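To keep things clear, I will list the structure first and then write my remarks on it.
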Amino acid sequence: MVKRLAVSAMAALAFMGLAAPAAAQRTQLTIGVSQFPPNFHPSIEPTVAKSYALNIARRPFTAYDHDWKVACFSCTEVPSLENGRAKVVTRADGSRGMEVRFTLRDDMLWGDGVPMTSKDIAFTHEVGRNPAMGFNNPELFDNIERIEVVDDKTVVMHLKRVRYDFDHLWDFQIIPEHIEGPVYRALASPSEYGRQTAFNRAPTTAGLYNGPYLVSEFQAGQYIVYTRNPHWKGMRPQFDRVILRTIENTAVLQQNLLSGDIDFVSGELGLTLDQGLEMAKRNADRFNFVFEPGLIYEHIDLNMDNPILKDRRVRYALLHAINRDQLSERLFEGRQPVAHSWVNPRDRGFHQGIKRFANDPALARRLLDEAGWRPGPGGVRVKDGQRLTLEFATTAGNRIRELVQQALQSQWRDVGVDVVIKNEPARTFFGQTMRQRTYSGLAMYAWSSSPESPPVVTLRSDNIPTQANGFSGSNYPGFSNARMDELINLTLQELDGEKRKGYWAEMQNIYADELPVLPLYFRADVFVIPKWLTGVRPTGHFMSTTLFIEQWRAN
Amino acid sequence: MTRYLVSRLIESVLVLLVMSAIIYGLIGLMPGDPIDLMAASNPTFTAADVERLRALYGLDTPLWQRYLNWLWSALHLDFGYSRQTQTPALTVMMPALQHTLVLAGLAFLLAVTLALTLGVIAALKQRTGIDSVINFFAFAGISVPVFWCALMLIIVFAVQLKWLPASGMYTIGAPREFWDTARYMVLPVITLTLAYTGGFTRYTRSSMVEVLRMDYIRTARAKGVPPRRMVIRHALRNALIPVVTVMALSFGTLLSGALITETMFAQRGLGKLIYDSILNNDYNMALMCLLFATAVTLLCNLVADLCYAWLDPRISIR
């Protein structure tokens, strides 16, 4: 009986195996990612997953290209002072503002064939500037005082303030007036918009998209199916159909890749670095592996309110005591380059001459001696009867961070600094401990930024979270430096690129002199690309590779 | 009987009411509300943004007030919207529930069938090689982590043999057919079945061993009752009473507890939905799913009580 059952089971399995659909044709591409977007609206609750998914089907106004330069995606020419599309003007109240002229490309159509027009831009501004809509980057919408419609394709944006980033319009995600207009006007209450918008109610509406593909089917939390946009006039994409599958467990994501259930794992939302390194050793015959260091900067915040850390010599000693090169080499096989500040070397604002802290335990010891911390019992330094003990927090369960933490703890121990690890779940760590600055010593985590983006929220003093400001801002070290504040503000308003470069250099020098943060390394994304797929070029910045999906080819 | 059922129903409603307040309170007291989390991941957030979004999502009112608002709506069968997907919570839950019911139901049936069979055989063949082998597999089932078991099944059947898909719920884009869905269900069902069979087998075996030592079994044997009849009608029926309790309660936990299996096989079920909702502070979603899981547990408990009466004539329900 048991034997008969076993034979039947094997036969059923074999039958089902045979019944499996034939291997996917190369007219279809299945991408594996580890997260699913929370919803489909491009401007509400943005996440990396959403940006990755929407970039397959939507094209922004402007965005960074592969060379980290602002490029037009829906417009004809990036405005600049030189080409006359941008100019500084004096506003009615005497303050300086700007006028920036954009022209939409003639061949930009919505997925239902309706042309994109100035009406869509004006409507997007109307919705985006309404605070009750909950759009991302309200400052951008607020700075645009009004939009003057010149003709069907041209608008002039009147800006309240002079800003170096007047052409950074990736958060100005144009929404189709002919679909969203009636929804918006029929709202009983503005807070209803999130529920009523076609992006959430009917995300497969073709007219919501203006990119090479349309969202044709989806299952929340599972997959999105894209099919060609018949009204896309740009480069013809290779694949008839693209499937974005969400597999949250990265070990399973890896197995799906090996089994052929998915073709490609995105770097932005894919395997962890250690998984990628391991896989690269075993599967180099089937896949190309690209390790792209990006703008995600792993670092350790130092709580500047801690009396021990107020002493700059102690901060210097902490950085001299650790061997970041060795750490990068041993844990990441050199794939994650050491950071010397928050600015990536590929960034236009990067300062070549920034002070670099070499691994020098002898110097670290000398600095601690000078600061009055003398060797004490058990190898831990002591000053006025107080042991040199610091708490070190990070997100519990993040295996790589925990490994780094242990290595650093041991290196600091060698110079007499006792570090006590106190990790917390990510939710508590970010939601409470960091936001309310209740960590007492060191906190390790990562920041993500965009190219040439001044550290307004992370290093400007008005962004130190306090009870008074409702714990807003992300200057978690509590760093306060009047010149840094001034430089950040100057950078924001400076239109001359060369002058800005000077400000950037000075900001990085202050950062290295004051050292409120210990920079560690820039995180690398792992792209696992099948040998037959070409054209996938990691950007290194926050714009996802899918923004260029029409360039992907199957050989 | 009717009186008993009505009183149990009233009890259940009270339990659900208390549970709703506890769950709502606990989720609300977790560190970091959705806006905190958004702000933490977006360096451009300002104090004004935080305030504006708190008001927009209704998080600027006290927790108890939010709970009472929710309760009032829930009593009118309006369970609110999922904060994340901006769609009615019930609409999001139903497909997940349907999937979990199939997955957990199949796994439960298989686990019960296997466990009863193996448990009885082990008890009858006590201290023999067969007993040892069954015990070995039962303990292995209890001790092997579900995620490891799932990963091994994926590696063997999807990566190496390529017989079955590694994850998902059906072939995307293909017509929905029974065999296609079945292929995707095989590995998750085996994983869950293995996870539950071990425990059930051990309970069945120990209960059977105890019953087989009873005087009435000896009497039945002396009276010449055929072995099969003696085992099934006399021993197993009595041995099932404690086993039924464990199994009934397990089914309740199975609904919300298939999280690891669902995550490993990338299937959107109730467990995964609860987990994601809690992590993302999707109050309405989490609350409705958890309450549903509680209701199922209560229902299973009631079924277990009814089963006692059926299994043991000495127990009566009034």
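The chains referred to below are lettered A, B, ... by the order of the sequence lines, with proteins before strands, and numbering in each begins at 1. Here the structure is a predicted model, which means the values were calculated and not measured. Basis for what follows: all heavy atoms, side chains included, without hydrogens, waters or symmetry-related copies.
In this structure, the side chains of B/Q86 and A/R201 stay at 4.5 Å or more apart for every pair of heavy atoms. Residues B/T85 and A/N200 form no side-chain contact, since every pair of their non-hydrogen atoms from C-beta on lies 4.5 Å or further apart. Counting only heavy atoms from C-beta outward, the side chains of A/E248 and B/E262 never approach each other to under 4.5 Å.
Under the 3.5 Å distance criterion, with hydrogens and angles disregarded, a donor-acceptor pair is assigned to the side chains of A/Q219 and B/Y170.
Here A/N249 contributes atom CG and B/M264 contributes atom CE; the two are 4.5 Å apart, rounded to the nearest 0.5 Å. To the nearest 0.5 Å, atom OG1 of residue B/T263 and atom CD1 of residue A/I247 are 12.0 Å apart. To the nearest 0.5 Å, atom CD of residue B/Q84 and atom CZ of residue A/F36 are 11.0 Å apart. The CD1 atom of B/I172 lies 5.0 Å from the CZ atom of A/R245; values are rounded to the nearest 0.5 Å.
In this structure, no portion of A/F218 lies under 4.5 Å from any heavy atom of chain B. For chain B, the nearby part of A/I44 is the side chain; its heavy atoms alone come within less than 4.5 Å. For A/E217, the part lying near chain B is the side chain, with the backbone staying farther off; criterion is any non-hydrogen pair under 4.5 Å. Contact annotation for B/S167: both backbone and side-chain heavy atoms come within less than 4.5 Å of a heavy atom of chain A. For A/M133, the part sitting under 4.5 Å from any heavy atom of chain B is the backbone (N, CA, C, O) and nothing else. For A/T428, the parts lying under 4.5 angstrom from a heavy atom of chain B are both the backbone and the side chain.
Each of B/I155, B/V159, B/I154 was scored for a side-chain contact (heavy atoms from CB on, under 4.5 Å) with A/S259, with one residue passing: B/V159.
Within a 6.0 Å radius of CD in A/Q467, other residues, nucleotides and ligands contribute 12 heavy atoms or fewer.
The nearest pair of heavy atoms linking A/Q222 to B/M169 is NE2-SD, 2.9 Å.
A donor-acceptor pair under 3.5 Å links the side-chain atoms of A/D261 to the main chain of B/A166, judged by distance alone.
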